[in-house]
Protein chains: 2
Amino acid sequence: MKEDKEITIYDLAKHLKISAATVSRSLKDHPGISKSTKKKVQEAAKEMGYRSNNFARNLRKQKTNTIGVIVPKLNSYFVSSAIAGMEKIANENGYNLIISQSLESVKKEIANTITMFNSRVDGLLVSLAYDTENMEHFDVFFDKNIPVVFFDRVYEDSRSLNVIIDNYRNAYDITKHLVDEGCQRIMHIAGNLTRNVYAERCRGYKDALRDAGVEFQDELLIVNELSEEAGKELGKKILQMQNKPDAVFVANDVCAANCMQIIKTAGYSIPGDIAFAGFNNDPISKIVEPHLTTVNYPCYEMGEMAMRNLIDHLTGDGSISTTNKIILRSEIVVRASSLKGKGNNQGLHIA
Amino acid sequence: MKEDKEITIYDLAKHLKISAATVSRSLKDHPGISKSTKKKVQEAAKEMGYRSNNFARNLRKQKTNTIGVIVPKLNSYFVSSAIAGMEKIANENGYNLIISQSLESVKKEIANTITMFNSRVDGLLVSLAYDTENMEHFDVFFDKNIPVVFFDRVYEDSRSLNVIIDNYRNAYDITKHLVDEGCQRIMHIAGNLTRNVYAERCRGYKDALRDAGVEFQDELLIVNELSEEAGKELGKKILQMQNKPDAVFVANDVCAANCMQIIKTAGYSIPGDIAFAGFNNDPISKIVEPHLTTVNYPCYEMGEMAMRNLIDHLTGDGSISTTNKIILRSEIVVRASSLKGKGNNQGLHIA
DNA sequence: TTGAAAGCGCTAACAC
DNA sequence: GTGTTAGCGCTTTCAA
């Protein structure tokens with residue numbers, strides 16, 4: 001029970017008058033050590049307050065049991081949910097998580113990548129920063145065959161696994177839904193179009209318009225940061241438009257909800273004057289009034305899935321080289337913000 | 001540029017025909033190594049693709065440059081914001097973060113504590129699980145003088161630093177504000193009362209009532225999980241009360257907002273029939289209608305502050321034994337949900 | 001079934 | 001300014 005100085009396997013060995021090797025093997029439940037010796041060692045370990053030293057172990061084994069996670073920003077509904085899912089799986093499998101945020105800057109993302117690399121993570125889970133355009137900083141991982149799994153904001157690369165949802169399909173469905181509700185001037189608010197998620201959503205939006213015979217208009221496509229503030233700005237901008245849209249499809253709920261507030265405060269009715277749709281199914285979407293039509297994004301499950309696959313790969317149960325892309329089920333959730341009352345909701349799930 | 005085998009300082013040493021010690025010192029920018037040697041080493045390191053090995057370093061230095069963080073649940077506005085603040089400071093100071101969640105269960109909290117201990121974290125940051133009542137699992141840290149900083153949900157102990165807000169004062173102010181608005185039957189929804197945060201808020205509520213000459217009534221105090229679902233349950237419960245409250249002060253915004261929805265949907269006016277107040281200044285509080293009166297909780301700053309103090313302690317710049325408690329500024333934010341229109345807002349900040 | 005010994009990569013006390 | 005040397009605590013051949 002003494003806790004003053006760190007107990008090592010040598011202390012145990014000396015105490016029990018056996019070798020350190022035997023202690024090590026007993027502790028690991030190595031076959032080929034007699035039951036009685038194992039028991040003796042394990043008891044002594046407990047009694048003397050022995051704690052295994054991970055560094056010595058890692059140094060020796062060249063393996064860390066640690067997974068690195070790099071996200072754009074920790075404090076968002078999507079990211080915190082995804083990380084919660086990851087932590088659960090990692091924890092269940094005896095892996096530690098080291099987490100860092102790029103704060104949406106490539107520069108910091110690169111720095112974090114290096115830190116992770118030096119920390120010798122066994123694998124890496126990444127959702128890219130807003131402005132990352134070049135992937136060279138992951139090459140060191142690929143070169144060393146350290147598995148990298150991208151989720152949500154991904155990079156198409158044969159050397160890594162991507163875990164995503166069908167952004168294109170969901171955006172297509174939402175846009176089609178708005179058209180079906182009678183909207184013709186549908187605005188789309190996207191994030192940086194070099195990021196897959198926003199590019200795909202935008203493509204879905206455009207294709208749905210095309211298929212519905214609605215002409216795409218450049219002035220109805222806006223790119224912003226999708227933040228609270230951006231939502232408010234957007235609201236003001238819409239109020240200033242002489243030829244207002246009759247629907248707004250925003251690539252995330254936070255931005256949509258904040259925009260709605262401005263529009264409502266100015267006296268416009270939603271969805272009467274302008275219908276709204278968002279993306280993510282953030283809790284905020286069920287609080288804002290009218291409740292926001294959105295896409296139910298399985299954040300937590302995505303975190304679980306990404307981590308599970310990474311660990312399976314690490315333990316040899318699966319291979320990232322065989323699976324290259326995992327697409328999670330997600331679907332649109334129609335709520336009042338987009339229902340113009342034509343009773344025409346195409347059998348979609350109403351929540 | 002070769003990435004096949006790990007380059008060590010010995011490889012560099014051999015390549016440059018100097019000793020490993022000199023390489024090590026050059027890399028650390030040790031004073032007492034000639035500029036030219038340093039430069040030579042650093043260039044060679046870059047060229048040969050050298051990466052420092054943290055395990056060897058940690059093993060040698062008996063220090064990990066890693067901080068452990070244990071939180072109840074990663075996916076909440078408060079926690080994710082706090083962690084974002086922590087990560088920022090840790091990152092700036094060259095520390096890694098390993099994060100785990102107790103999922104509100106002591107049992108998992110204890111397991112996580114052990115993992116952190118075995119991972120030899122330099123320090124620990126903890127916000128306690130919902131049902132933690134016994135602190136023995138932190139004794140190993142105290143015994144080894146590994147600093148533990150509690151934040152938000154804390155444990156009063158002379159051996160650790162607590163970073164908190166003045167929950168009592170804020171709750172007192174909110175309750176007084178409700179009384180000033182003319183409310184007399186003020187309900188309070190608390191979390192587990194063995195947790196300091198909820199106990200203090202409850203105490204503030206009771207004292208404010210007492211000071212205002214309003215009698216405390218047991219039936220108006222409810223303890224629940226403060227979740228979305230709990231908010232909805234609460235709403236239903238209130239609807240069933242024959243003698244309804246004229247105000248509801250909930251210990252968190254998520255629960256409050258969800259409760260409000262139910263109440264509103266049933267046709268009651270807020271704040272006309274029932275005023276509402278929450279706690280945290282969650283983004284949801286500015287979206288729900290009417291906007292929710294709440295307490296502006298500096299989540300991000302709390303994370304920064306907790307981490308900064310822990311690191312200062314680690315580097316000897318400050319001492320946890322001298323500072324035992326840090327109370328961050330927080331204040332109530334009055335919004336429409338509690339303004340009964342008596343124009344009596346006591347000079348409080350209106351947002 | 002166990003032990004001896006080497007070494008993972010790095011740092012720091014001590015030399016010179 | 002730089003080199004020598006001895007570990008940090010553990011795992012794992014190889015040998016017995």
Side-chain angles (χ1 to χ4, degrees), chain A residues 3-42 44-45 48-66 94 115 117-122 144, chain B residues 3-42 44-45 48-66 94 96 117-122 144:
Chain A
E3 299 282 4
D4 32 344
K5 262 202 94 212
E6 206 65 65
I7 305 292
T8 72
I9 51 171
Y10 290 103
D11 298 322
L12 290 181
K14 203 185 298 167
H15 182 74
L16 296 169
K17 298 190 187 9
I18 56 177
S19 78
T22 305
V23 173
S24 172
R25 290 193 265 249
S26 299
L27 258 15
K28 305 245 93 62
D29 211 16
H30 183 101
I33 293 284
S34 74
K35 282 238 154 72
S36 66
T37 310
K38 271 183 199 167
K39 199 169 165 203
K40 227 169 44 190
V41 172
Q42 276 155 6
M48 297 177 68
Y50 167 79
R51 300 284 178 166
S52 128
N53 182 322
N54 282 330
F55 304 122
R57 184 156 188 281
N58 291 340
L59 177 59
R60 184 55 227 244
K61 305 231 303 178
Q62 306 286 41
K63 183 168 184 300
T64 69
N65 259 56
T66 297
T115 307
F117 190 67
N118 285 340
S119 297
R120 299 291 200 278
V121 294
D122 289 340
K144 279 217 192 316
Chain B
E3 300 281 3
D4 33 342
K5 264 203 96 211
E6 206 65 63
I7 304 292
T8 73
I9 51 171
Y10 289 105
D11 299 322
L12 290 181
K14 203 184 300 170
H15 182 74
L16 296 169
K17 298 188 184 12
I18 55 179
S19 79
T22 303
V23 173
S24 173
R25 288 193 268 249
S26 299
L27 258 14
K28 305 245 95 60
D29 212 15
H30 183 99
I33 292 285
S34 75
K35 282 236 156 69
S36 65
T37 309
K38 271 183 199 165
K39 198 169 166 204
K40 223 168 47 189
V41 172
Q42 277 155 5
M48 297 177 67
Y50 168 79
R51 300 284 177 165
S52 128
N53 183 321
N54 282 331
F55 304 123
R57 186 157 187 280
N58 291 339
L59 177 58
R60 182 57 228 240
K61 304 232 302 178
Q62 304 288 44
K63 187 172 181 295
T64 69
N65 258 55
T66 296
N96 280 334
F117 188 66
N118 285 340
S119 298
R120 300 289 201 280
V121 294
D122 288 341
K144 279 220 192 313

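Protein chains get the first letters and strands the later ones, always in sequence-line order, with residue 1 at the start of each.
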B/Tyr10 atom OH is separated from C/dT11 atom P, nearest whole Å, by 10 Å
Notebook entry, point to check: Would one find a side-chain N or O of A/Ser52 under 4.0 angstrom from OP1 or OP2 of D/dC10?
Noted result: no
Of the listed C/dT2, C/dC10, D/dG3, the closest approach to the A/Ile33 side chain comes from C/dT2
DNA chain C nearest-nucleotide lookup for A/Lys35 and A/Ala21: closer to the 5′ end is A/Lys35
Exercise. How about A/Lys63: does its NZ atom have over 12 heavy atoms from other parts shown lying under 6.0 Å from it?
Worked result: yes
Whole-Å distance, B/Ile9 CD1 to D/dT5 C1', equals 13 Å
To the nearest 10 degrees, the angle between the two end axes of the helix from C/dT1-D/dA16 to C/dC16-D/dG1 (five pairs per end) comes to 30°
(Q) Can you tell me if B/Lys28 touches the phosphate of C/dT11, counting only side-chain N or O atoms and a distance under 4.0 Å to OP1 or OP2? (A) yes
Taking only side-chain N and O atoms of A/Tyr50, does any of them lie within less than 4.0 angstrom of OP1 or OP2 on D/dC10? yes
OG1 (B/Thr64) and CG (A/Asn54) are apart, to the nearest 0.5 Å, by 10.5 Å
Rounded to whole Å, the CG-C1' distance (B/Leu59 to C/dA12) equals 14 Å
Taken to the nearest whole Å, CG/B/Asn58 to C1'/D/dG7 is 16 Å
ask   = Does B/Ser34 have a side-chain nitrogen or oxygen under 4.0 Å from the phosphate oxygens OP1 or OP2 of D/dT2?
value = yes
Discussion item. Counting only side-chain nitrogens and oxygens, does B/Gln62 get under 4.0 Å of the OP1 or OP2 atom of D/dG9?
Written reply: yes
By nearest-nucleotide position on DNA chain D, the 5'-leaning member of A/Phe55 and A/Lys61 is A/Phe55
Between B/Asn53 and A/Arg120, the two heavy atoms sitting closest are CB-NH2, 3.6 Å
From CG of B/Leu27 across to C1' of D/dT2 the rounded distance in Å is 15 Å
Rounded to whole Å, the NZ-P distance (A/Lys63 to D/dC10) equals 18 Å
Reckon A/Ser24 touches a base, only the sugar-phosphate, or nothing at all at heavy-atom distances under 4.0 Å?
-> base
Note to self: Please determine whether a side-chain nitrogen or oxygen atom of B/Thr37 lies at a distance below 4.0 Å from atom OP1 or OP2 of D/dT2.
What the structure shows: yes
> Any chance the side chains of B/Asn96 and A/Ser119 put a donor and an acceptor closer than 3.5 Å?
Replying inline: yes
Here the distance between atom C1' of D/dC10 and atom CZ of A/Arg51, to the nearest Å, is 17 Å
What I want to check is whether an N or O donor and acceptor connect the side chain of B/Arg120 with the base of D/dG9 at under 3.5 Å. no
Heavy-atom nearest pair, B/Asn65 first then B/Asp122, reads N-OD2, 2.6 Å
State whether the side chain of B/Ser24 and the backbone N or O of B/Ala20 hold a donor-acceptor pair below 3.5 Å, judged by distance alone. no
Item to check | Short side-chain N/O contact to D/dG3 OP1/OP2 from B/Thr22, under 4.0 Å | outcome: yes
Indicate whether OP1 or OP2 belonging to C/dG3 is found under 4.0 Å from a side-chain N or O atom of A/Ser19. yes
* Can you find a donor-acceptor pair, distance only, under 3.5 Å between A/Arg25 side chain and C/dG3 base? -> yes
Checklist entry - Checking side-chain contact (heavy atoms from CB on, under 4.5 Å) for the pair B/Arg60/A/Phe55: CA distance, chi angles, key distance, verdict? => result CA-CA 9 Å; B/Arg60 182 57 228 240; A/Phe55 304 122; over 6 Å; no
Whole-Å distance, B/Asn53 CG to C/dG9 C1', equals 6 Å
Which of A/Val23, A/Leu27, A/Ile33 passes side-chain contact (heavy atoms from CB on, under 4.5 Å) with A/Lys38? Answer is A/Ile33
